[in-house]
J.: 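Below you'll find the structure I mean.
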Amino acid sequence: MALSIYNSFSRKKELFEPITAGYAGMYVCGPTVSGESHLGHARPYITFDIVNRYLQFKKLKVRYVRNITDAGHFEEEGREAEDKVSKKAQLERMEPMELVQKYTNLFHWAMKQFNCIEPSIEPTATGHIVEQIGMIEDIIAKGYAYAINGSVYFDVKKYAANYDYGKLSGRVLEDLIDAGNREVVSRDLEGQNEKRDTADFALWKSAPPEHIMRWKSPWGEGFPGWHIECSAMATKYLGANFDIHGGGMDLLFPHHESEIAQSTICNHSAPAKYWMHNNMITINGRKMGKSYNNVIKLTELFSGSHPLLSQPFHPMTIRFFILQSHYRSPLDFSNDALLASEKAFKRLWEAFEVLKNLSSENNEIASDKELDEKINNWLNEFELFMDDDFSSPKVIANMFELSPLINSFKDGIIPIKSISHHTLHLLKEKFKFFLEDIFGLISIDSNNNQILNPVMELLLDLRKEAKLKKDFATSDKIRNQLTAMGFVIKDEKDGGTSWGIG
RNA sequence: GGUCCUGUGGCCGAGUGGCUAGGCUAAGCUCUGCAAAAGCUUCUACAGCGGUUCGAAUCCGCUCGGGACCUCCA
């Protein structure tokens with residue numbers, strides 16, 4: 001009954017105990033809306049959607065905060081400071097906020113396709129400049145940041161002297177400084193090295209004249225550093241201490257490490273009790289990311305317009321594909337893997353539909369005690385597996401154990417009275433609950449077409465008549481032509497006929 | 001170079017030392033007018049070497065391979 005979560009901070013599975021009984025606060029690093037979301041982005045948002053749903057199932061009132069990074073991320077380390085968002089905006093001849101709005105809308109659309117529940121609060125970085133400035137002022141006042149040439153940097157060395165810097169990501173300060181020095185030397189000799197130390201990170205950056213996105217601050221016009229936005233917004237909406245902070249593994253360092261440092265100075269404690277990080281989606285064994293030029297955008301996935309894709313893939317196929325592996329394992333993408341997921345999901349969903357229509361004989365006692373018990377065990381494990389750090393693949397495996405049984409009940413291969421009506425009821429209830437409410441999966445096909453339904457009924461009726469007259473030429477013609485059009489015709493064991501698309 | 005993760009059958013993927021996850025593909029069988037669907041069965045996996053153990057895919061060591069982070073990145 002107790003939920004355990006793998007905490008990246010302790011590198012152990014820990015029992016989840018909410019800070020305030022009955023409530024859970026969760027902050028998840030949201031997208032940078034300077035471009036279209038790709039398959040890699042789908043993973044954290046689907047993963048934490050499941051977490052959100054499951055926490056609610058555990059009777060917790062969840063406040064789920066997921067930000068929109070619409071100020072762009074800024075390059076540092078001696079290279080010309082450049083806002084990605086404003087750079088791209090010039091290329092596309094759009095206002096920065098227009099661009100940001102476009103990709104925000106697209107992101108929301110994609111989340112809807114995936115049937116992700118909206119976060120409780122979705123704050124934007126540009127909407128919280130005041131809070132960020134306030135936090136920076138606080139850090140300066142406490143002596144852990146310094147302003148220079150209109151920019152403000154966090155003093156990592158000083159922080160590390162008094163606190164444990166690098167604990168989350170397993171880093172040692174000296175290594176960082178060494179690495180930083182190497183970078184500067186190899187990358188850019190004439191970079192304006194205004195930072196006291198290479199390990200320091202920016203809280204506020206002075207904006208060069210061509211920079212479009214800029215705000216007034218005590219240090220001059222500029223824009224906030226990357227890490228401060230999450231700290232400011234998380235603190236504002238979840239308080240100094242909240243339960244879960246989530247994001248992709250690639251954010252461990254420097255992003256989350258820096259968040260911890262900032263919050264520790266301002267709020268005297270690390271922000272989150274549990275840190276959760278999902279692993280990457282890889283493609284040919286390599287992380288999918290802009291830098292590798294190997295991304296498959298979500299729109300391409302849904303439409304099938306990509307050289308690596310043989311066909312369009314339904315958002316639910318993607319969701320199922322992601323759920324079939326554990327969120328902390330790397331997941332390798334391929335067209336074949338998606339095809340396999342598509343087929344598997346279809347089969348599972350069909351069993352679910354069959355299950356809905358099963359009816360028991362109201363027998364209190366199962367005629368096959370062993371089977372009855374087996375089914376109850378599989379069902380009980382649904383929750384046990386999810387309690388064990390959200391092991392969705394195991395739950396799905398159990399569902400696949402149950403599917404042939406469900407089909408056998410329907411076909412009469414196994415009599416329905418083998419299990420008690422109570423077990424059947426539980427089977428229906430849990431299957432539906434975990435599939436729809438926890439996993440957030442919805443039907444993939446659109447059989448409820450108002451215009452098509454009567455037409456299909458007519459055709460199948462004609463075919464049935466032909467079959468009765470043993471006029472197989474006619475019945476096969478109807479079936480074959482429908483098949484050619486993309487319909488699947490299934491003759492059921494009970495004499496009826498069902499149909500589907502694809 | 002540093003830190004960390006990882007290597008499972010044709011493919012994708014679970015695996016808490018002992019009791020063959022699961023899915024996809026393929027083959028066979030049952031059912032069926034034929035097919036599809038469904039059901040059943042089969043395809044004998046744990047990178048290599050050594051160690052601990054009564055017993056290891058699972059723990060330890062070494063070797064080889066892959067990856068992530070150290071720079072924007074989910």
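Letters A, B, ... are given to chains in the order of the sequence lines, protein chains preceding strands, and every chain is numbered from 1. Basis for what follows: all heavy atoms, side chains included, without hydrogens, waters or symmetry-related copies.
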J.: Just the rounded figure in Å: distance from P of B:C4 to CG of A:N279.
T.: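 In whole Å, B:C4 P lies 17 Å from A:N279 CG.
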J.: Let's see if you can work this out: which of B:A74, B:C12, B:C69 has an atom nearest to the side-chain heavy atoms of A:Y292?
T.: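 Shortest atom-to-atom distance from the side chain points to B:C69.
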J.: What's the gap between B:U25 and B:C12 when it is taken at their C1' atoms, as a whole Å value?
T.: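 Rounded to whole Å, the distance is 11 Å.
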J.: Heavy-atom distance under 4.5 Å between the side chains of A:Y327 and A:N279, does that happen here?
T.: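 Answer no - side chains too far apart.
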J.: I'd like to know if the side chain of A:R43 pairs up with that of A:S325 as donor and acceptor (distance under 3.5 Å, no hydrogens or angles considered).
T.: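 Their side chains do contain a donor-acceptor pair, which is all the 3.5 Å distance test asks for.
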J.: With the side chain of A:K287 defined as its heavy atoms from C-beta on, choose the nearest nucleotide among B:A68, B:G13, B:A37.
T.: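 For the A:K287 side chain, the nearest candidate turns out to be B:A68.
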J.: Can you tell me if A:Q262 and A:S258 form a side-chain donor-acceptor pair at under 3.5 Å?
T.: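 Checked: A:Q262/A:S258 side chains show no N/O donor-acceptor pair below 3.5 Å.
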J.: For nucleotides B:C62 and B:G7, find the distance between their C1' atoms and express it as a whole number of Å.
T.: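 It works out to 16 Å between them.
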J.: Taking C-beta and beyond as the side chain, do A:I260 and A:Y159 meet within less than 4.5 Å on heavy atoms?
T.: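 Touching, per the 4.5 Å side-chain cut-off.
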J.: It should be established whether A:N278 places a side-chain nitrogen or oxygen under 4.0 Å from OP1 or OP2 of nucleotide B:A74.
T.: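 Looking at the OP1 and OP2 atoms of B:A74, neither is under 4.0 Å from any side-chain N or O of A:N278.
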J.: If the sugar-phosphate is the primed atoms plus P, OP1 and OP2 and the base is the rest, what is the B/S/- string for nucleotides 15-28 of chain B, using protein heavy atoms under 4.0 Å?
T.: S-----BSSSS---
J.: If you assign A:P44 and A:E350 each to the RNA chain B nucleotide with the nearest heavy atom, which residue ends up on the more 5' nucleotide?
T.: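 Upstream on the strand: A:E350.
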J.: Whether the A:Y54 and A:D387 side chains hold a donor-acceptor pair (N or O, under 3.5 Å, no angle test) is what I'd like checked.
T.: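 Side chains of A:Y54 and A:D387: pair found under 3.5 Å.
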J.: In the structure shown, which nucleotide is the Watson-Crick or G-U wobble counterpart of B:A47, with both distances under 3.5 Å?
T.: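 Answer to the pairing question: B:U63, which forms a Watson-Crick or G-U pair with B:A47.
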J.: I'd like to check the side-chain contact (heavy atoms from CB on, under 4.5 Å) partners of A:A337; sequence neighbours left out, ordered by chain and number.
T.: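 Partners of A:A337 by the side-chain contact (heavy atoms from CB on, under 4.5 Å) criterion, ordered by chain and then number, come out as A:F321, A:S334.
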J.: Give the nucleotide from the list B:A74, B:G67, B:A38 with an atom nearest to the side chain of A:Y45.
T.: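 For A:Y45, the side-chain atoms sit closest to B:A74.
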J.: Between A:D389 and A:S4, is there a side-chain donor-acceptor contact under 3.5 Å, judged purely by atom types and distance?
T.: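 No donor-acceptor contact under 3.5 Å links the two side chains.
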J.: Going by atom types only, do A:H108 and A:E122 share a side-chain donor-acceptor pair under 3.5 Å?
T.: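 Per modelled atom types, A:H108 and A:E122 side chains form a pair under 3.5 Å.
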J.: What parts of residues 476-483 of chain A reach RNA chain B, counting only heavy atoms under 4.0 Å away?
T.: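 Result for residues 476-483 of chain A: A:D476, A:R479, sorted by number.
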